[in-house]
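Proteins get letters first, then strands, A, B, ... in listed order; numbering begins at 1 in each.
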Amino acid sequence: MDESRIEPFRAGLLDWAEDNLRQFPWRDLDASLYEVFVAEFFLTQTPAANVARVYPRFLSEFPSLDAIRCSDVESLVEVIEPLGFYNMRVEALDEIATSYDSLPRDADELTELTRVGDYVANATVCFALDRQVPILDRNVDRVYGRVFGDDWPDTKREQLEFADKVLPPEQARTYNLALLDLGAAVCTPTPKCPECFANRFCDYYETQYAGVDG
DNA sequence: AATCCGGGGAA
DNA sequence: TTCCCAGGATT
């Protein structure tokens, strides 16, 4: 396959990251495994701005799995409710806290927790522990699907292989954060190609982008 | 791999 | 009110 886009995309994204990464408390370099996990767990199907509103209070009331285990369901609901999906979330957190003394530091083991799939598991160990693993969510799928066109595979297994291959050595954390932010700010469902660093080699821009007027 | 799921948000 | 959606769970 044609790999000529990989290196310019890597370099371009890392360069873009220097000025464009969003700052959130869960992105602090000293955020704990638990703190990052809680954030990623909440961030599925929920806008970051929404999570940011609830996050500080959640951590102050439930600073650990122990704290969740020792609290009653009603107090969990009260804090999580504004996020939506609070039934599922409270149930899952409750189950996790009663099943684990502490969180596993391994993505595959994290996957065994209730309602924790590949995305939350990989994002957690990448962002909290700087593990060199790929993340794959709707944003990543959209960005890679556009930039790499037909080279971006269809199945999840192959996509993870591809995403792993594209990871820049030792910079997975910054790179993956940038990937999410590019998908959130530029490579949106209706993309803002003119302002994208990748438009010089992006398959979508070359073949399908028709400009802001359609 | 395909389908289902719960619930939030937009059409 | 219907449709769409993102990620996980299920089969």
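- Among residues at least two apart or in separate chains, there is no ring pair (Phe, Tyr, Trp, His ring centres under 6.0 Å) pair with a member in residues 70-107 of chain A.
- For DNA chain C, none of the residues of residues 102-110 of chain A falls under the heavy-atom distance limit of 4.0 Å.
- Between the CD1 atom of A/Ile135 and the P atom of C/dA6 there is a distance of 15 Å, rounded to whole Å.
- Contact footprint of chain A on DNA chain B: nucleotides with an atom under 4.0 Å from a non-hydrogen protein atom, first to last in 5' to 3' order, B/dA1 to B/dG8.
- Nucleic acid contact for A/Phe85: base, since at least one base atom lies under 4.0 Å from a heavy atom of the residue.
- Rounded to an integer number of Å, the gap from A/Arg138 CZ to C/dC4 P is 13 Å.
- Exactly one residue among A/Phe42, A/Phe24, A/Trp26 makes a ring-ring contact (aromatic ring centres under 6.0 Å, His included) with A/Tyr55. That residue is A/Trp26.
- As judged by a 4.0 angstrom heavy-atom cut-off over every strand, A/Thr46 is placed among residues making no nucleic acid contact.
- Each of A/Val116 and A/Pro189 lies near DNA chain C, and the nucleotide nearest A/Pro189 is the one positioned closer to the 5' end.
- Whole-Å rounding puts the A/Asn87 CG to C/dG7 C1' distance at 17 Å.
- With sequence neighbours excluded, no residue satisfies salt bridge (charged side-chain N to carboxylate O under 4.0 Å, His left out) with A/Arg89.
- Here the P atom of nucleotide C/dA9 and the CD atom of A/Glu112 are 11 Å apart, to the nearest Å.
- Ion pair A/Glu161/A/Lys165 not flagged as a salt bridge, since none of the NZ, NE, NH1 or NH2 atoms sits closer than 4.0 Å to an Asp/Glu carboxylate oxygen.
- For residues 112-128 of chain A, every residue pair satisfying the side chain to side chain donor-acceptor pair (under 3.5 Å) rule, not counting sequence neighbours, is listed here: A/Glu40-A/Tyr119, A/Glu95-A/Thr114, A/Asp118-A/Lys156.
- For the atom pair CZ (A/Arg105) and CG (A/Leu33), the distance works out to 6.0 Å, reported to the nearest 0.5 Å.
- Between A/Gln159 atom CD and C/dA6 atom P there is a gap of 14 Å when expressed in whole angstrom units.
- For A/Asp108 and A/Thr111, the side-chain atoms include no donor-acceptor pair closer than 3.5 Å.
- Rounding to whole angstrom units, CD of residue A/Glu40 and P of C/dA6 are separated by 16 Å.
- Atom CG in A/Asp118 sits roughly 17 Å away from atom P in C/dA6 (whole-Å rounding).
- One finds no side-chain N or O of A/Arg115 lying less than 4.0 angstrom from the OP1 or OP2 phosphate oxygen of C/dG8.
- Annotation: salt bridge (charged side-chain N to carboxylate O under 4.0 Å, His left out) contacts of A/Glu78 (sequence neighbours excluded): A/Arg57.
- Regarding A/Leu136, its CG atom lies at a distance of 9 Å from the P atom of C/dG7, rounded to whole Å.
- A/Glu158 and A/Thr155 share a side-chain donor-acceptor pair at under 3.5 Å.
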